[in-house]
Amino acid sequence: MKIAVFCATGFIGQNIVEKLKSEGQDFISTDFADSPSEEEIDYRRVDILRFLGRAVRYRSSKPRTP
Amino acid sequence: MTEDRIRLIQPVVGEEELALIDEVLKSGHMTEGPKTMEFESKFAEYVGAKHGIATTSCTTAMELSLRVLGIGRGDEVIVPDFTYPATADVVRFVGATPVLVDVSPESYNVDAEHIKEAITPRSKCVMPVSLFGNPIDIEPIEDLAEENDLYVVEDAACSAGARRGQRRTGSMVDLTCFSFHPRKIITTGEGGMVTTDSDELAELARSIKKFGMTAGAGGISTFARAGSNFKLSDVLGAIGVVQMSKIDEIISRRQELAGNYDELLDRVSGVVPPKVDDGVRHVYQTYAARITVEKVRDRLISDLEKKNIETQIGTYSLHMQPSFSPVPKSGDLETARMLFENLLAFPLSHYMTEEDQEFVVTSFKELLEKNQANG
């Protein structure tokens, strides 16, 4: 199972990344800021909350079917 | 309580304040106006800042400061764990995340080393607190803020008139916030002030604290942004104007009383008086000494109260309060816990006598020994 860490550059996110790394877990980390972590961390710069927000708005604007 | 009670603090107010309040009431101008503006200008000049922006409290001054800097959701603000909850609550109020860090056991203030450990790419601001009238050690914090592109908003609620070398609290950082609560150096009952050297930040602060208003053409206001109402009434502004004429006398008296406590407590074992760095003007909003025996401080407060001596804790360790359980914490915050549980604020009333102070320390010594003996 691959774990995804959102908000990975924040204070809590960084601690979670360090913990997962020390445990040898398979994970990917994301945030909207530049990565503060070492290169071996799989980090994607993406604003996931904005993406999810758009998806929710799109979904809620679709007409409901009975 | 009898009149003989030795008070923690008493506001230094009298006929002069009443006379100016009377003038305001007779003028009919009771909202924010000329008296508050005069107070702002006198206070800013006193702390060496270009601008003073009066608010309803230090809490609203801090909230205003964060809003002016555009701090909000997704941002982290580094706050000492050893402070009154308002310092961290304003961060939550603007939608940002406070990150709690430990403090120095000697100065009780946050230092650059602890701040550094909590900096992340999301950090936008650090909010050091000049606790009890002791100004923060600004230079290392300033360097760290510059290296990491952080704003510095100082909670100087307790520290009007404090100085570190030639640098005055109120003109050392981006925005400084003061309190005029009755337990502070000068008081307006309730009230606060933001000071800054930045024209841009001051203009924005004045607008946000007044409904987002800006001056418009033909005297008609324009509402340029979302704002609130943090205006300080002229009734309170008038008190502030008079208090400014007394501030140095009040500070001198507090320093004299603190010096007496230093000498008296030097002869008592089990207590460490507050430490002051060379070249620092500590204004002693609070004289907080550390009891070196664990778990006796609370009993001392209640036993001293029975002798009509009002004492208090220093302040709070936020991570120990239920409200802050979900808030991120850096390190074990052990010093903040130790200070929360063991600091004792001694009475430091402007009107107390040397005999009162001797009675306080004699009673304290006797009760500390009794509590130690009882375990």
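Each chain gets a letter, A, B and so on, in the order the sequences are listed, and its residues count up from 1.
- Sparse packing is recorded around CD of B:Glu146, with 12 or fewer heavy atoms of other residues, nucleotides or ligands lying under 6.0 Å away.
- Here the closest non-hydrogen pair linking B:Pro328 and A:Phe11 is CB-CD2, 3.6 Å.
- With a 4.5 angstrom heavy-atom cutoff, B:Ser330 touches chain A via backbone and side-chain atoms both.
- Looking at every heavy atom in both residues, B:Thr120 comes nearest to A:Thr9 through CB-O, 3.0 Å.
- Surrounding CZ of B:Phe211 are more than 12 heavy atoms belonging to other residues, nucleotides or ligands, all under 6.0 Å away.
- Contact annotation for A:Asn15: neither backbone nor side-chain heavy atoms come within less than 4.5 Å of a heavy atom of chain B.
- In this structure, A:Gln14 and B:Pro121 approach most closely via the heavy-atom pair NE2-CD, 3.2 Å.
- No donor-acceptor distance shorter than 3.5 angstrom exists from the side chain of B:Glu76 to the backbone of A:Gly10, with no hydrogens or angles considered.
- No more than 12 heavy atoms of other residues, nucleotides or ligands lie within 6.0 Å of CD in B:Glu200, so this atom counts as exposed by the packing criterion.
- The environment of B:Asp332 atom CG is dense: over 12 non-hydrogen atoms of other residues, nucleotides or ligands sit within 6.0 angstrom.
- B:Tyr151 OH: 12 or fewer foreign heavy atoms inside a 6.0 Å radius.
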